[in-house]
Asks: 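Take a look at the following structure, please.
Scope of the values below: all heavy atoms of this structure, side chains included, with no hydrogens, waters or symmetry mates.
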Amino acid sequence: MKQERVSVIAGNAFATSDAQGDMEVDPRAPVGLFSFDTRFLSHWVLRVDGERLKALSRDDMTYFETRFFLVPGKASHYVDADVSVIRHRSLDDSFNERIIVLNHSPEPAELTVRMEMGSDFADLAEISRPRHRDITVTADIVSGQLRLCYERARFSREAIVSSTAPVDVDRRGMTFRIRLAPQGQWETDLHISMTVRGEGGRDMRADLTTHRHHVRREMREDLRDWLDRAPQLVAEREPLARMYRGSLTDLAALRYQPLSYPDRILIGGLPWATSLYGRDSIVACLQTLPFTPELTPATLRMLALLQGGQLDDAHDEEPGKIVTELRYGEAAAFGDQPTSLYYGAADTTPLFVVLLDEYERWSGDATLVRQLRHPARMALDWIDEYGDLTGDGYLRYQSRNTRDGTVNQSWKDSDGAIVDRHGRQPDLPRATCELQGYAYDAKRRGARLAREFWGDPAYADRLEREAAELKRRFNRDFWLPRRECYALALGPDGEPVDALASNMGHLMWSGIVEDERAAAVADQLVGPDLFSGWGVRTFAAGQRPYNPVGSHLGAVWPSDNALIAAGLRRYGHDVQAGRVIGGIFDMAQTLGGPVPEVIAGYPRDLTKYPVQLPVAGRPQAWSSGALLMLLATALGLTPCGENLLVDPALPDGFGRIELLDVPGRWGHADAYGRDRSAGEPGRRRLH
Amino acid sequence: MTTSAADYLRRLGSDRRPDLPDTTAGTLRLDVREDGHTEHWYLTIADQRVQVTRSADEADLVVRADRAVFDQLATGQLHPAEAMERNEATVQGDIRLFMLLRRIFPGPAGARHPRKAAGKRSGPR
């Protein structure tokens, strides 16, 4: 039986415990208190008179705040509720836990409350086997503080635990010997500050109680303002409104302020990707432009700052390339893994240009487009100068870091993801099909930016010529006429990898598909081999490598499906788009809570219930964003000059929806839609 | 052959560097520590040019590190981001200028152009 995990989140800091609020090392999952890829607390166990506590209930108030209601005794014991305990936990830039002990009896009570504490300062990258570290533990009896510190050369991480109530502190925790009046209560606030030394200027010695309350109130206000700024969804079907609000709240939870930029951007998601992931960030921004456009300029600027500047084999870096992973942990800092800044991705760079153009179409922010001209030009130059590895005009990848580099450098990045229908892997360098779509789209959009904002019509003409030529060649070399689909990839000598996979949906999103082929591709995408009933599988059933629980060989990703649905509507295949949109929304509603990163690809009519994968994290930025993008796609929201175009094609069962105050260059605009059944009296669905 | 950061900075001309963003301007001071004293290098960045002087004036960004760390940065052996994450280089001020060091200093010696690296075909692993 999988143990329940409870998390509070504040951007790239999170704390995960069991259902009682206790944290104990588990090699299978990142349990503990984490910030900046470091575990600051690996052991945090509460006992009353030596006994562990049992959970009665829990109130997950918001993503950064949870209350546990507990009683002493194991699950098998009869609950003698003379005493109960409330743990009220919250996370902002520090971790806070208020412990309240209540005496329900008419007699006074004397109790020993003990919190066991420890840290291994493990790097998030090595949770399954943390290496031994020498931790300096200081029990400061006078100030009642416990200090846990790890140092390696000048690299230093420190957690300081303090209590507002009088405490006996020792090297393994804190003990409170308390006396409760009849019906009385006792409480203390435990506070843990986490210091990444060298970050500079952070004052750890602020008045703990007032500081904490101040920050926590700010977090609440911040969340309320975030939700207020987003469009309001009025839905006949209540679950739609709930899922919409849930996705917005997930995105709020995943915002963090990186060291090197003043505005907040998104982390990839919990629990493994609590840092900047270029691809996830760009896709999540593309998904959320009609809803939370404020994420995009910060993301574009941050990615521009981190744009590759040199050739570097270990980091797979080249001038102009957009980063794929940024980590702050020890493994990254000391070069054990190339992840301090890793550039091993062939898709992030064209997608950076796509996002810049799409952002301008929505926002009208010409200033940003002019300010980012240089990085956008470098990104466009990169496609041909560094991305075309064999000189045949296709965007390819092959890692130069043979030890730790990523083999497959597009969104399907697991080692065995790119295979033909018999399971054979092509040689490197590989040109996956969707990369050509991204490159085509980037050139077309770059041309628009050059013509309208950079005053460079000659460059615009060149990019358009190159894009047209790429589309022509692509449709010649990748199309498999007998199978009526595009090859998943080309090997180094141009030999096609003949697997049927979801990547074709991205081709429609990018617009590189010939019009007369779109219908065949659309039918394949929602045909029985690719479509599970919940969504489009990464890899079609009926091929040898197909595996419904293989991340990129059969499972279903909401983020993938969001782009596919948009592609289907782009080519006017609204019915097929509706099936994808309806399937993913049904999946999200059935599971409840944040949209998972990926679900198994089993047929929906076989399992009836979406099967979750243990590897699937949630919340994930591009999964929560996917739901928003699917909603925008259902409504057919498109910027058109200075106006918002609305062209609804809602899946059956959506009923009537109104999306009010969609922000953009038009100010704010409303969008309305209803499914076909909603228009007919007597056929309205009631919920 | 090794080049110290000081040698590198002394020789750094003020030619236009097309790889520097044309909208970025600012001042960067490098505080190079050695044996209890500190050498100051002052970099003024504007219009894709870098002007190097010796000055302890205030700057938009101050980067402090031991001489050995700067020497490693100047030969591309150490990535600026890793130096900062290890806390071997500390930064104060507008950290957005920090990544310019990646472009001002050369990359690691022996790094390959991806097309050259791909010339040696490799099969699936």
Side-chain angles (χ1 to χ4, degrees), chain A residues 152-156 196-198 200-201 259-262 301 304-319 326-330 332-335 340-341 370-375 378 386-391 396-398 400 402 407 415-416 424-429 492, chain B residues 17-24 47-48 61-66 69 72-73 75-125:
Chain A
R152 174 174 170 186
R154 290 177 190 268
F155 179 93
S156 161
V196 177
R197 205 165 282 163
L259 287 180
S260 44
Y261 201 74
R301 287 181 189 279
L305 274 181
L306 301 175
Q307 187 170 34
Q310 301 291 349
L311 287 177
D312 181 331
D313 291 4
H315 297 89
D316 275 330
E317 179 185 356
E318 296 114 41
L326 165 69
R327 285 207 169 265
Y328 302 103
E330 185 183 351
F334 287 90
S340 60
L341 278 173
R370 293 196 183 97
Q371 284 173 349
L372 294 185
R373 185 196 68 87
H374 187 272
M378 278 188 73
Y386 299 103
D388 174 6
L389 297 189
T390 61
R396 290 171 181 272
Y397 58 79
Q398 177 174 1
R400 307 199 295 290
T402 47
V407 175
D415 281 0
R424 285 186 297 254
Q425 294 190 40
D427 286 351
L428 293 157
Chain B
R17 304 177 57 119
D19 62 331
L20 295 182
D22 49 7
T23 50
T24 303
D47 301 326
Q48 298 184 299
L61 175 73
V62 177
V63 182
R64 292 192 181 88
D66 290 344
V69 172
Q72 283 185 295
L73 288 172
T75 53
Q77 290 170 59
L78 180 62
H79 196 294
E82 282 170 11
M84 196 184 85
E85 285 172 25
R86 287 184 209 175
N87 202 28
E88 286 179 353
T90 62
V91 294
Q92 218 169 34
D94 187 352
I95 194 174
R96 286 173 287 183
L97 294 167
F98 183 67
M99 282 302 289
L100 290 178
L101 289 180
R102 182 61 171 169
R103 306 216 180 157
I104 292 169
F105 291 133
R112 293 167 294 170
H113 189 290
R115 200 175 291 146
K116 204 165 175 190
K120 189 169 56 72
R121 296 272 168 75
S122 70
R125 293 200 285 180

Asks: Which atoms of E330(A) are under 4.5 Å from chain B, going by heavy atoms: the side chain, the backbone, both sets, or neither?
Replies: neither
Asks: Based on non-hydrogen pairs under 4.5 Å, which of Y328(A), Y397(A), F155(A), F334(A) is most in contact with chain B?
Replies: F334(A)
Asks: Can you name the closest pair of heavy atoms from L372(A) and A304(A) and give their distance?
Replies: CD2-CB, 4.0 Å
Asks: Using non-hydrogen atoms only, which part of R327(A) is less than 4.5 Å away from chain B: side chain, backbone, both, or neither?
Replies: backbone
Asks: Between L97(B) and chain A, with a heavy-atom cut-off of 4.5 Å, which part of the residue counts as in contact: side chain, backbone, both or neither?
Replies: neither
Asks: At a heavy-atom separation under 4.5 Å, does L341(A) approach chain B through its side chain, its backbone, both, or neither?
Replies: side chain
Asks: Walk me through whether D312(A) and R102(B) qualify under side-chain contact (heavy atoms from CB on, under 4.5 Å).
Replies: CA-CA 11 Å; D312(A) 181 331; R102(B) 182 61 171 169; 2.8 Å; yes
Asks: Just so I understand: if I count every heavy-atom pair under 4.5 Å between each of G107(B), A111(B), P114(B) and chain A, which residue has the most?
Replies: P114(B)
Asks: Grab the two heavy atoms, one from R112(B) and one from R400(A), that are nearest each other, plus how far apart they are.
Replies: O-NE, 3.0 Å
Asks: Under a 4.5 Å cutoff for heavy-atom pairs, which residue among E88(B), H79(B), H113(B), M99(B) has the most contacts with chain A?
Replies: H113(B)
Asks: Could you tell me which of R370(A), R152(A), H315(A), R301(A) has the largest number of non-hydrogen atom pairs under 4.5 Å with chain B?
Replies: H315(A)
Asks: Taking all heavy atoms of R115(B) and all of D388(A), pick out the closest pair and write down the distance.
Replies: NE-O, 2.9 Å
Asks: Do the side chains of D66(B) and R154(A) get nearer than 4.5 Å, heavy atoms only?
Replies: yes
Asks: Would you find more than 12 non-hydrogen atoms of other residues, nucleotides or ligands less than 6.0 Å from Q48(B) atom CD?
Replies: yes
